[in-house]
Asker: 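Okay, handing you the structure first.
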Amino acid sequence: MHPQTSLAILCLVGLALAGQAPSKPAPAKPAAPAPPAKSQLVVDGVQFAVFERTAKPTLATIKGGSKDSKVHSADKTNKIQLKFTVKDSKTNAATIVQQAFVALVNAESEQEVIFVAEPETASKVYTAEIDLKTQEKNFDGVNGVYQIRVFVGDSKAANAIDWNVADVKLTLTPVEKPAPKKSQVVNYETLPVIEHQFREPEKRPSQFISDTFTVICAAPLLLLLVLWLSIGINFGNLPISLWTLAFHAGLIAIFGLYFTFWVQLNMFDTLKYLAIIGVPTFVSGNRLLRSLNEARRLNKE
Amino acid sequence: MLKLAAALLLLVAVAQTAPAKNRVLVLLESPAAKQTYSIFLKSLETRGYVLTVKRAEDANLQLFKYGEFVYDHLVIFAPSVQEFGGSLSVAEITNFVDAGGNVLFAGGAKLGDAIRELASESGYEFDDDSTSLIDHHNYDATVDSGDHTAVLVDPKHLTKASVIIGNKAAITAPILYRGSALVANPKNNLKLDVLTAATTSYSFAPNKVVNEYPSAIGRSAVLVGALQARNNARVVVTGSVELFSDAFINANVQKVGSAAKPVKSGNGPFVDALSQWAFQEKGVLRVKSVNHHLVGESAPPRDYTITEDVEYSIEIEELKDGKWVPYTGKDVQLEFVRIDPFVRTFLKPSNGKLTTVFKLPDVYGVFKFLVDYHRLGYSHLYDVQQVSVRPLLHTQYERFIRSAFPYYVSSFSMMIGVVLFSCVFLYHKEAPKAVSTETKKAK
């Protein structure tokens with residue numbers, strides 16, 4: 001039993017060693033066949049055109065590894081067409097690969113729009129035709145220079161290609177984004193600073209005008225005094241009594257209170273003092289008039 | 001006797017300690033999977049979390065018991081589960097997030113209905129079943145099994161918010177990712193894309209020729225997405241459960257076709273920072289106190305008057321390493337709002353507080369001091385203090401206006417005139433008119 005088991009083990013080990021592929025070390029796998037050698041891809045026969053939608057394209061060939069030196073301009077009346085073939089570098093036969101994308105990447109904002117290139121069944125030539133009229137909405141209205149890059153890749157290939165074949169300057173119709181509802185807005189940025197605009201004070205007339213009119217307003221009082229003196233006034237009927245004094249003192253005090261209100265008091269204090277002064281003034285005025293009336297009645301009889 | 005006293009003290013101590021938010025429920029596909037994520041789970045334990053590891057289909061799972069949380073955070077590393085066990089379901093997990101719990105869950109190439117539904121609740125849609133993220137330009141040489149699904153993502157595709165990913169300088173190595181891709185729901189306003197794919201990536205069935213437009217392509221394919229709900233609960237979704245696995249954290253990665261030496265993958269610091277943000281250890285703010293008063297005083301008055309100078313100060317604290325420290329952000333704004341904002345200024349930091357001084361507008365009404373601070377990765381801070389602003393008292397206007405002197409002078413001259421006139425009118429004695437009657441009689 002012992003030599004047979006050891007022979008069996010030797011055979012198995014030999015098989016395992018023989019089965020191991022030289023390129024990929026895979027000790028966990030059992031004796032697997034060597035994976036096919038990966039192919040090298042090459043993108044060839046690149047033809048590029050930017051043309052009017054209604055016209056036919058005039059394709060320009062771009063040599064391998066280089067970039068079209070001219071920056072094309074395009075807007076919604078144009079179409080962009082790109083044709084290319086993916087070839088195996090050894091056999092030089094056209095192949096179909098898993099990933100054949102044409103990407104337009106904005107050079108500044110890094111916004112990108114990616115298209116899938118479709119191969120023709122017979123010739124296996126990949127074509128990507130970008131009709132800007134219909135595709136315009138994908139660009140969100142961002143104008144600028146876009147790099148046109150071709151991405152080619154395959155899981156069975158050893159290399160992948162990212163080739164900027166040309167640059168195109170797009171001019172797109174601006175997009176009107178509907179304003180979202182205020183309750184739905186999520187804002188992570190700072191808002192603009194607001195400084196309150198205070199109301200400007202109204203314009204006032206010049207001081208000269210105010211002073212002139214002040215003098216004009218004071219004039220009637222002076223005129224009154226002058227005219228009184230010219231027609232002659234006397235205080236013959238003045239009764240010598242307490243009520244006279246009280247009344248006139250009270251009246252002067254009330255007007256003095258108004259002056260003080262203008263200078264420094266507030267309404268509530270003024271009303272309080274007015275009540276205090278006003279009552280005796282009223283009473284004494286009443287008494288004064290009564291005594292004057294009495295004197296006149298006595299004079300008449 | 002001593003033992004009894006010790007037992008009583010222990011009981012008191014246990015009753016006094018408030019439960020810290022550190023209970024994590026980890027759901028895995030099978031108990032053996034615990035070894036696959038041992039580094040990540042160990043790091044959670046060293047940060048003080050109490051982990052409960054269970055199978056996703058366990059029949060005894062529950063998040064709530066008698067209306068209270070049984071766990072504070074939820075981690076689901078079971079991408080292929082079709083239905084959760086016990087009382088757990090997508091609706092229950094949504095309630096969990098609504099109540100404030102945080103969730104971190106991951107999908108993979110084989111995705112079950114439960115995870116797919118959970119992701120769409122969080123604002124991200126997984127790509128179709130059996131699709132993976134493929135990148136023929138950036139895949140790892142060693143880990144990849146031939147279909148270019150072990151993708152190396154450059155750290156430049158991480159979000160700019162340093163709160164979520166930690167110090168950006170700490171993640172310099174590419175991140176290894178293998179799984180399906182997510183597409184963000186454009187209607188979701190609260191989502192944050194933490195990690196997006198490169199321009200050359202796409203999500204499709206591996207080893208198949210792309211014959212239709214992939215739903216996740218280029219930078220619109222989201223690899224790690226996050227959501228901070230309006231109650232500040234956080235949900236993190238990713239399409240690769242292997243992101244957290246020991247194999248990926250320890251892997252030495254080297255991009256195929258690049259001449260650079262193999263470096264340790266950036267997965268370790270990335271998942272650490274991600275879990276710190278997801279479990280509310282970072283980026284959490286709170287208001288400690290708010291003060292407003294007139295310049296020169298210290299207590300708020302009953303009401304303000306228009307055009308007065310007001311000083312406002314707020315203390316905001318941030319959770320750092322388990323401690324609340326004063327927040328040092330420079331972009332906190334204060335708004336003085338009466339339906340619309342009248343004043344909006346930046347708050348400046350000054351010894352632990354954020355303060356500003358401004359002049360109240362000359363409009364009166366009921367205003368509020370509003371601080372609405374919402375930044376990427378931080379919790380949402382919203383503080384309102386309502387105050388009244390009254391118009392000027394009748395004594396606070398200008399008393400002596402030069403242009404009004406004509407009016408003053410006319411009033412006072414009238415008053416003087418009244419006083420003099422009252423004397424003259426009352427006491428003037430007319431001269432007797434005897435002469436005129438005599439002349440009449442003579443005729």
Side-chain angles (χ1 to χ4, degrees), chain A residues 35 96-101 103 105 110 112 114 116 149 151-155 157 159-160 162 184-188 190-196 198-199 204-205 207 210-211 213-214 216-218 220-221 224-225 228 233-238 248 251-252 255 258-259 262-263 266-267 288 292, chain B residues 134-137 146-148 189-190 199-200 202 204 206-210 212-214 217-219 257 307 331 333 335 341-346 359 361-362 374-376 393-395 399 401-410 412-413 415-420 422-424 426-429:
Chain A
I96 302 279
V97 285
Q98 290 168 5
Q99 176 190 27
F101 295 163
V105 180
E110 296 211 12
E112 54 192 40
I114 306 182
V116 175
R149 286 157 65 176
F151 298 145
V152 169
D154 194 299
S155 56
N159 68 334
D162 174 2
Q184 302 264 356
V185 166
V186 173
N187 178 35
Y188 293 116
T190 52
L191 294 166
V193 171
I194 298 177
E195 293 224 9
H196 180 73
F198 288 89
R199 208 177 309 129
R204 290 182 180 169
Q207 291 181 352
S210 308
D211 292 345
F213 276 88
T214 308
I216 295 173
C217 287
L221 185 61
L224 175 69
L225 290 172
W228 263 344
I233 55 169
N234 61 56
F235 294 113
N237 272 343
L238 183 68
H248 288 289
L251 196 61
I252 292 172
F255 290 134
Y258 289 170
F259 184 78
W262 176 56
V263 172
N266 66 34
M267 181 63 80
L288 172 64
L292 280 177
Chain B
I134 303 170
D135 194 339
H136 299 292
H137 294 76
D147 49 9
H148 301 181
N189 296 326
L190 299 170
T199 313
T200 50
Y202 64 100
F204 207 74
N207 295 327
K208 293 261 186 332
V209 172
V210 175
E212 58 180 28
Y213 198 77
I217 192 169
R219 298 223 316 284
T307 66
D331 58 350
Q333 283 183 311
E335 285 185 12
F342 278 77
V343 177
R344 195 186 287 135
T345 53
F346 280 100
K359 200 177 176 75
D362 56 354
H374 199 182
R375 300 283 174 264
L376 206 61
L393 286 173
H394 70 286
T395 51
R399 263 192 202 263
I401 304 176
R402 185 98 182 233
S403 325
F405 265 85
Y407 301 95
Y408 304 149
V409 162
S410 32
F412 291 123
S413 74
M415 289 180 200
I416 296 169
V418 165
V419 168
L420 293 175
S422 65
C423 296
V424 167
L426 286 173
Y427 311 130
H428 179 76
K429 195 168 183 178

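Because the structure is predicted, anything quoted here is derived from the model rather than measured. Numbered from 1 within each chain, the chains take letters A, B, ... in sequence-line order.
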Asker: Considering only heavy atoms, which portion of A:D211 lies under 4.5 Å from any heavy atom of chain B: side chain, backbone, both, or neither?
Answerer: side chain

Asker: Checking B:L376 now: which residues fulfil side chain to side chain contact (heavy atoms under 4.5 Å, CB included) with it, not counting sequence neighbours?
Answerer: A:Y188, B:T159, B:A161, B:L192

Asker: Are B:R375 and A:T190 close enough that some pair of their side-chain heavy atoms sits under 4.5 Å apart?
Answerer: yes

Asker: Rounded to the nearest 0.5 Å, what separates atom CD in B:Q333 from atom CG in A:L191?
Answerer: 5.5 Å

Asker: Check whether A:N234 reaches the backbone of B:K429 with its side chain - one donor and one acceptor, N or O, closer than 3.5 Å.
Answerer: yes

Asker: How are the rings of A:H196 and B:F342 set to each other: parallel, tilted or perpendicular (split at 30° and 60°)?
Answerer: tilted

Asker: Where on A:I194 is there a heavy atom nearer than 4.5 Å to chain B: the side chain, the backbone, both, or neither?
Answerer: both

Asker: Measure B:F204 against the heavy atoms of chain A and call it side chain, backbone, both or neither at under 4.5 Å.
Answerer: neither

Asker: Once you round to the nearest 0.5 Å, how far does CD1 of A:I252 lie from SG of B:C423?
Answerer: 7.0 Å

Asker: Would you call the rings of A:F101 and B:Y202 parallel, tilted or perpendicular, taking 30° and 60° as the class edges?
Answerer: perpendicular

Asker: So, A:S155 versus B:D147: side-chain donor-acceptor pair below 3.5 Å or not?
Answerer: no

Asker: Which answer fits A:A157, side chain, backbone, both or neither, if we ask what part of it has an atom under 4.5 Å from a heavy atom of chain B?
Answerer: backbone

Asker: Excluding sequence neighbours, so at least two apart, what forms salt bridge (Lys or Arg N to Asp or Glu O under 4.0 Å) with B:D362?
Answerer: none

Asker: Between B:F412 and A:W262, what is the ring plane arrangement, given parallel below 30°, perpendicular above 60°, and tilted in between?
Answerer: tilted

Asker: Kindly compute the distance separating OG1 (B:T199) from CG (A:D162), expressed to the nearest 0.5 Å.
Answerer: 8.5 Å

Asker: Is B:L420 in contact with chain A via its backbone, its side chain, both, or neither, using a 4.5 Å heavy-atom distance?
Answerer: both

Asker: Given that the side chain runs from C-beta out, which part of B:L190 has a heavy atom under 4.5 Å from chain A: side chain, backbone, both or neither?
Answerer: both

Asker: Measure B:P214 against the heavy atoms of chain A and call it side chain, backbone, both or neither at under 4.5 Å.
Answerer: side chain

Asker: Under 4.5 Å from any heavy atom of chain B, what part of A:V97 do you find: side chain, backbone, both or neither?
Answerer: backbone

Asker: For A:L292, which atoms come within 4.5 Å of any heavy atom of chain B: side chain, backbone, both, or neither?
Answerer: side chain

Asker: Please classify the contact between A:V105 and chain B as side chain, backbone, both or neither, with a heavy-atom cut-off of under 4.5 Å.
Answerer: side chain

Asker: Please flag which part of B:H374 lies under 4.5 Å from any non-hydrogen atom of chain A: side chain, backbone, both or neither.
Answerer: both

Asker: Counting only non-hydrogen atoms closer than 4.5 Å, does A:Q184 touch chain B with its backbone (N, CA, C, O), its side chain (CB onward), both, or neither?
Answerer: both

